[in-house]
Amino acid sequence: MATGLGDALGPEAAQQAWRAEFAKITSRRTASLIGSAQAAATWARLLGSATGRTDLEDLTLLAWGEVLPSKRLLRLTRAWCAPCLARQRRQREVVYAPLLWQVAEVAMCPEHEVRLETRCGACGASPPIFTHWSRVGLCSCGERLELASLAPPVPVTGVELDWQRFVAAEVGSLIAATPRLPARPDGSASAAAVYLSWERSGLSLKKLAKSIGLAVSTLSEWKDGRHQPSLPGALRLCRLAGVSLVPFLRGDLESMRAAPLPALPPLVEPSRERHRSIDWVAVRIELERALATGDPESLGQIVRQLGLEYHQARRALPELCAAITSRYRAFAAARASDRFERDAQLVRATVASLRTEGLRPSRQRVQARLPAPVTLRRPKLAGVWRDEVAQS
């Protein structure tokens with residue numbers, strides 16, 4: 001059985017560690033506990049250590065992290081099928097949200113063939129994937145999502161229905177295959193899988209790019225192994241080549257070659273993803289300027305101002321990004337230390353004031369006189385209050 005945090009750190013330290021990790025995950029708008037990025041790995045590790053379960057990663061897409069970039073993989077907000085939720089409640093089943101619903105390329109419930117909903121009809125909000133108040137099947141306003149539909153479920157029809165059936169089947173197979181993987185795909189054969197898919201399509205690279213709605217440069221990067229294909233791109237290549245998604249991502253070239261070629265040119269919905277050329281020399285100059293001048297900013301703030309993704313910058317300019325991060329952490333630590341000293345002085349002054357008035361400096365009395373941002377719920381400030389009380 002996995003060792004719990006309490007065994008390793010002690011109860012109080014374990015509680016603080018849980019709070020810190022939980023805050024990291026829930027503070028980000030894009031955070032998800034089911035994807036292929038670090039947030040899912042952190043949550044699976046912490047929850048596994050607390051429960052003794054070693055298979056929680058099978059409920060995520062972590063196993064495919066090396067071959068499925070997190071960008072364009074999952075939705076930023078929850079999606080649901082109202083008929084599915086209604087059936088679960090009607091049959092008194094456990095209300096759950098399938099991982100399939102959160103994959104960005106999946107727009108339809110394969111069981112009912114209706115469009116997934118993403119906005120609560122009661123309050124108009126798009127509920128985040130995960131927050132501290134999350135409950136499956138409920139919006140933050142408290143309304144049941146299957147009862148708060150904006151309109152009757154919208155059927156998916158025509159070409160989109162054909163495409164969404166393919167997407168749901170392939171992504172469903174991917175999720176089902178996760179617990180049975182003999183080894184995690186490492187992406188070493190991704191370029192060969194892309195090249196073989198191109199060959200099987202029978203199209204020139206230019207025509208292939210046009211048929212799936214991508215730039216030729218993007219396909220070239222995938223074919224040459226410079227980048228991993230996104231899930232939308234991988235699905236479109238598989239559709240044209242007549243191969244399944246799981247062998248494609250695993251780099252199982254033998255299975256791909258054995259698959260029958262499509263009898264007719266398949267229908268493929270053009271991809272909506274777009275890529276742009278980045279002038280990394282100019283980016284380096286801007287990052288060096290940010291490192292040398294002005295108040296320190298976090299790397300995330302800087303790269304957003306430059307219109308970049310955080311991980312793009314980290315991969316292209318690792319040493320410079322590390323220097324910016326180190327500088328900002330030192331600045332943030334100093335700022336936090338200054339803030340703590342100011343708040344500690346307020347706590348001490350409040351305790352002294354209560355004693356002068358002949359009142360016992362209880363936690364409730366001290367907290368009532370402190371400004372709103374200063375709270376004794378912070379363990380260090382609570383320690384300052386206890387030390388002051390103990391001196392009486």
Side-chain angles (χ1 to χ4, degrees), residues 1-2 4 18 22 25-26 31-36 39-40 42-63 73-157 161 164-180:
M1 180 175 289
W18 270 99
F22 192 80
I25 293 170
T26 58
S32 171
L33 307 188
I34 55 178
S36 60
T42 299
W43 187 253
R45 173 175 57 80
L46 288 173
L47 195 57
S49 69
T51 61
R53 295 296 297 262
T54 59
D55 57 352
L56 297 184
E57 288 192 1
D58 291 341
L59 305 179
T60 73
L61 294 175
L62 278 170
L73 180 58
L74 296 173
R75 287 185 169 84
L76 302 183
T77 55
R78 271 192 277 174
W80 62 91
C81 169
C84 282
L85 292 177
R87 186 206 63 222
Q88 291 170 8
R89 295 189 194 276
R90 187 171 59 251
Q91 298 179 357
R92 300 184 182 276
E93 300 175 3
V94 174
V95 179
Y96 71 98
L99 175 56
L100 184 72
W101 291 353
Q102 288 309 136
V103 177
E105 193 64 26
V106 178
M108 177 190 80
C109 168
E111 180 180 349
H112 297 98
E113 295 191 343
V114 296
R115 195 172 300 282
L116 295 176
E117 298 183 49
T118 58
R119 190 175 294 277
C120 172
C123 66
S126 295
I129 293 177
F130 182 80
T131 63
H132 64 280
W133 47 256
S134 291
R135 288 188 63 187
V136 178
L138 292 182
C139 179
S140 57
C141 68
E143 184 61 85
R144 285 163 49 175
L145 292 174
E146 76 274 16
L147 301 179
S149 299
L150 291 170
V154 180
V156 180
T157 59
L161 175 61
Q164 283 296 321
R165 283 173 175 168
F166 168 77
V167 170
E170 292 300 319
V171 175
S173 297
L174 175 78
I175 294 170
T178 300
R180 303 192 300 272

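Side-chain atoms are counted along with the backbone in the values below, which use heavy atoms only and exclude waters and symmetry mates. Note that the coordinates shown come from a computational prediction; the quantities given were computed from them, not determined experimentally.
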Q: Where do Arg75 and Val103 come nearest, in terms of heavy atoms and distance?
A: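 Smallest interatomic distance, heavy atoms only, reads NH1-O, 3.0 Å.
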Q: Please report the shortest heavy-atom distance between Trp80 and Trp101, naming the atom on each side.
A: CA-CE3, 3.6 Å
Q: Which heavy atom in Gly137 sits nearest to a heavy atom in Glu146, and how many Å separate them?
A: O-OE1, 4.1 Å
Q: Between Arg144 and Leu138, is a side-chain contact (heavy atoms from CB on, under 4.5 Å) present by the stated rule, with each step listed?
A: CA-CA 5 Å; Arg144 285 163 49 175; Leu138 292 182; 3.5 Å; yes
Q: For the CG atom of Asp55 and the OG1 atom of Thr178, what is their distance to the nearest 0.5 Å?
A: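 Reported to 0.5 Å precision, the distance equals 12.5 Å.
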Q: Between the main-chain N or O of Arg165 and the side-chain N or O of Glu170, is there a donor-acceptor pair closer than 3.5 Å?
A: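 A pair under 3.5 Å: no.
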Q: Assess whether side-chain contact (heavy atoms from CB on, under 4.5 Å) is satisfied between Glu111 and Cys81, documenting all intermediate values.
A: CA-CA 9 Å; Glu111 180 180 349; Cys81 169; over 6 Å; no
Q: How far apart are the closest heavy atoms of Leu100 and Gly172, and which atoms are they?
A: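 Closest approach of Leu100 to Gly172: CD1-N, 3.9 Å.
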Q: Taking the side chain as every heavy atom from C-beta outward, state whether Pro83 and Pro153 have any atom pair closer than 4.5 Å.
A: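 Yes, their side chains come closer than 4.5 Å.
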Q: Nearest 0.5 Å, please: how far is CD in Gln164 from OG1 in Thr157?
A: 11.5 Å
Q: Taking all heavy atoms of Pro179 and all of Ala176, pick out the closest pair and write down the distance.
A: CD-O, 3.3 Å
Q: Using the rule given for side-chain contact (heavy atoms from CB on, under 4.5 Å), can you reason through Leu161 versus Glu113, listing the C-alpha separation, both sets of side-chain angles and the distance that settles it, and then say yes or no?
A: CA-CA 8 Å; Leu161 175 61; Glu113 295 191 343; 3.8 Å; yes
Q: Does Pro98 reach the side chain of Ile175, with side-chain heavy atoms less than 4.5 Å apart?
A: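 No, their side chains stay 4.5 Å or more apart.
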Q: Counting distance only, does the side-chain N/O of Arg78 pair as donor-acceptor with the main-chain N or O of Thr118 below 3.5 Å?
A: no
Q: Under 3.5 Å, side chain of Arg119 to main-chain N/O of Gly124, donor-acceptor pair present?
A: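 Yes, the answer is positive, given that a donor and an acceptor are paired below the 3.5 Å cut-off.
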Q: Please enumerate all residues that pass side-chain contact (heavy atoms from CB on, under 4.5 Å) together with Arg90, with sequence neighbours excluded.
A: Ala86, Arg87
Q: Can you list everything that forms a side-chain contact (heavy atoms from CB on, under 4.5 Å) with Val95? Sequence neighbours excluded, please.
A: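 In terms of side-chain contact (heavy atoms from CB on, under 4.5 Å), with neighbours along the sequence ignored, Val95 is linked to Leu85, Gln88, Arg89, Val136.
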Q: Given Leu99 and Leu61, is the side-chain contact (heavy atoms from CB on, under 4.5 Å) satisfied, shown in steps?
A: CA-CA 9 Å; Leu99 175 56; Leu61 294 175; 4.0 Å; yes
